[in-house]
Protein chains: 2
Amino acid sequence: MAAEEQSPKFRRAPPTVRREALIEATLACLRKHGREGLSVRRIGAEAGVSPGLINHHFPSICALVAAAYETLSMSLLHSIRQHAREDEASPRERLRRFYEAWFAPALLDPGLFNTWLVFWSMISHHAEVRAVHDRTYAAYRAALESLLGELRGNDGVPRFRLRSAAIALSALLDGLWIEASINPRTFRPAEAVALCEDWTSALCAGALPSLLAGGTRGQPRAAGRRPRNGRGPALPLK
Amino acid sequence: MAAEEQSPKFRRAPPTVRREALIEATLACLRKHGREGLSVRRIGAEAGVSPGLINHHFPSICALVAAAYETLSMSLLHSIRQHAREDEASPRERLRRFYEAWFAPALLDPGLFNTWLVFWSMISHHAEVRAVHDRTYAAYRAALESLLGELRGNDGVPRFRLRSAAIALSALLDGLWIEASINPRTFRPAEAVALCEDWTSALCAGALPSLLAGGTRGQPRAAGRRPRNGRGPALPLK
DNA sequence: CGCGCTGCTATACGGTCGTACAACAACAGC
DNA sequence: GCTGTTGTTGTACGACCGTATAGCAGCGCG
């Protein structure tokens with residue numbers, strides 16, 4: 001017996017690649033098991049290392065999650081952007097390709113949705129994760145602003161407030177993505193794309209009034225001064 | 001000693017009111033502690049009863065969550081609807097009041113957002129919770145369809161596909177609500193209302209093409225037949 | 001008043017969690 | 001080849017989890 005295989009019990013790795021491997025393992029665990037997958041034992045098993053190694057490379061578990069959040073978010077944004085590029089296409093066409101990528105099967109995986117829920121649920125309690133959200137949300141909005149910006153100046157497209165437009169479009173994309181992830185049978189991806197296209201059409205037609213108001217200025221100027229009585233909505237909630 | 005207070009160690013309650021109290025305690029815990037608050041010990045302490053009582057009134061912890069989900073969701077919908085009612089207002093005005101209620105301070109509580117994340121995170125693994133989502137999402141959509149339906153037929157408002165319009169509006173509301181809950185400083189509630197109002201304006205102006213296509217029929221008819229080459233978007237994702 | 005039904009408590013159990021820490025071993029440099 | 005560095009392991013610890021179960025006790029009813 002004692003087959004002289006004698007392979008080393010483990011292999012050392014420079015901190016950088018080990019950290020990256022742990023991040024990848026974290027994403028795999030979150031995708032497969034959601035919140036339940038977020039434990040040093042599970043992630044360690046997924047990465048083929050001992051649980052204790054995680055605390056050796058990351059100050060705490062939520063630092064690892066923050067890193068995984070940033071990695072995944074930026075990777076997805078890059079993929080979607082890449083798919084939307086297509087140089088010979090018109091700005092309007094690139095925007096449609098962006099929508100199609102957003103509702104591609106790869107993005108509608110329930111595991112991905114559950115992963116995102118874990119990220120979101122940690123935002124309020126962990127400053128690092130919140131910082132990642134702020135950064136990545138800004139990056140997504142910037143990508144949309146870039147695509148929308150190319151739209152302006154085209155034939156008959158009026159000037160509009162870029163930042164607010166990106167906020168609205170981002171919300172529409174997110175809202176549709178969430179419901180599509182929760183219940184794929186509510187509507188088909190093609191319908192989600194069509195609804196986003198509708199919004200784009202309205203924007204190009206100048207049919208979104210508050211976006212036309214103030215050029216590219218930041219703050220919405222009272223947004224059409226409330227015509228009703230002054231008391232704000234105070235829901236009883238009970 | 002032995003001050004003759006002698007108050008009873010506990011009070012019995014009929015199952016119905018006890019169940020309701022436990023549901024209320026669950027919502028309080030979720031609001032205060034998010035996912036961490038979802039434990040029999042914490043909920044029992046919040047309700048002033050022993051932890052074991054929960055498994056006595058509910059077959060499992062997720063049945064309790066499902067009940068809490070349905071209670072909160074329907075309560076919020078009722079409040080918002082109530083606020084939008086206002087009989088002497090025009091349909092368009094009622095819709096705006098609906099938006100204002102949606103972005104009222106009571107709805108933008110971070111605790112409420114975290115509560116919702118817990119609900120969402122249980123959908124994929126627990127059929128009961130999924131059923132509640134399907135029911136409540138349908139109820140919200142029905143409320144929107146009702147409000148949007150009153151819009152149709154008004155001066156110059158074209159016929160549009162009610163169900164798809166409600167889906168889009170619901171997504172826009174959800175997406176804005178999420179970002180407002182995560183980071184209140186991205187935009188002010190009034191801007192969110194304005195962006196929803198914009199969408200309504202576009203709808204009334206007939207500026208949302210795919211919604212005009214097929215009357216009130218259910219399925220979107222290919223939504224503008226893809227003009228590009230046939231291959232669907234297949235993101236490399238890596 | 002006393003009895004019994006049953007809502008309710010209290011405890012115990014097996015499991016998983018994050019973290020800490022001491023010992024081990026892979027690999028580079030001499 | 002030996003040695004030192006340090007990436008890595010394995011274990012131990014205390015805390016919390018959900019569930020099961022045996023028994024206590026509030027309170028309606030006769």
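Only a predicted model underlies this, so the values are computations on that prediction, with no experimental measurement involved. We name chains A, B, ... by the order of the sequence lines, and we start the count at 1 in each one.
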Revision key, fill the gap. Contacts of Phe10(A) and Pro14(B) projected onto DNA chain C by closest heavy atom; the upstream (5') one is Pro14(B)
Practice item. Report yes if the distance between the aromatic ring centroids of Trp116(B) and Phe119(B) is under 6.0 Å, otherwise no. Key: yes
Exercise for review: Pick out which of Thr115(A), Thr26(A), Asp109(A) makes a side-chain hydrogen bond (donor to acceptor under 3.5 Å, both in side chains) with Arg31(A).
Suggested key: Asp109(A)
Review point. Start at the 5' end of DNA chain D and walk down; is the nucleotide closest to Ile61(B) or to Arg11(A) reached first?
Key: Arg11(A)
Review point. Between Arg85(B) and Glu150(B), is there a side-chain N and carboxylate O pair less than 4.0 Å apart?
Key: no
Check your understanding: With a non-hydrogen cut-off below 4.0 angstrom, is Ser50(A) in contact with a base, only sugar-phosphate, or nothing?
Key -> base
Exercise for review: Quick one: do Arg35(A) and Glu36(B) satisfy salt bridge (charged side-chain N to carboxylate O under 4.0 Å, His left out)? Show the steps, please.
Suggested key: CA-CA 12 Å; Arg35(A) 175 96 193 185; Glu36(B) 314 294 317; 3.2 Å; yes
Review point. Does any N or O donor sit under 3.5 Å from an N or O acceptor when you compare the side chain of Arg41(B) with the base of dG18(D)?
Key: yes
Review point. Which comes earlier along DNA chain D counting from the 5' end, the contact point of Gly52(A) or that of Asn55(B), where each point is its nearest nucleotide?
Key: Gly52(A)
Practice item. Establish, with yes or no, whether the OP1 or OP2 oxygen of dC8(C) is under 4.0 angstrom from a side-chain nitrogen or oxygen of Arg18(B). Key: yes
Check your understanding: Would you call Arg161(B) and Glu191(A) a salt bridge, taking side-chain N to carboxylate O under 4.0 Å as the test?
Key -> yes
Practice item. May I ask you to say what Leu38(A) touches in the nucleic acid, namely base, sugar-phosphate or nothing, with a heavy-atom cut-off under 4.0 Å? Key: sugar-phosphate
Revision key, fill the gap. From CG of Leu22(B) across to C1' of dG7(C) the rounded distance in Å is 12 Å
Exercise for review: Flag the pair Arg42(B) and Glu46(B) as a salt bridge only when some basic side-chain nitrogen lies within less than 4.0 angstrom of an acidic carboxylate oxygen.
Suggested key: no
Check your understanding: Counting any heavy atom closer than 4.0 Å, what does His57(A) reach on the DNA or RNA strands: base, sugar-phosphate only, or nothing?
Key -> sugar-phosphate
Check your understanding: Through what angle, rounded to 10 degrees, does the axis of the helix from dC1(C)-dG30(D) to dC30(C)-dG1(D) turn between its ends, using five pairs per end?
Key -> 0°
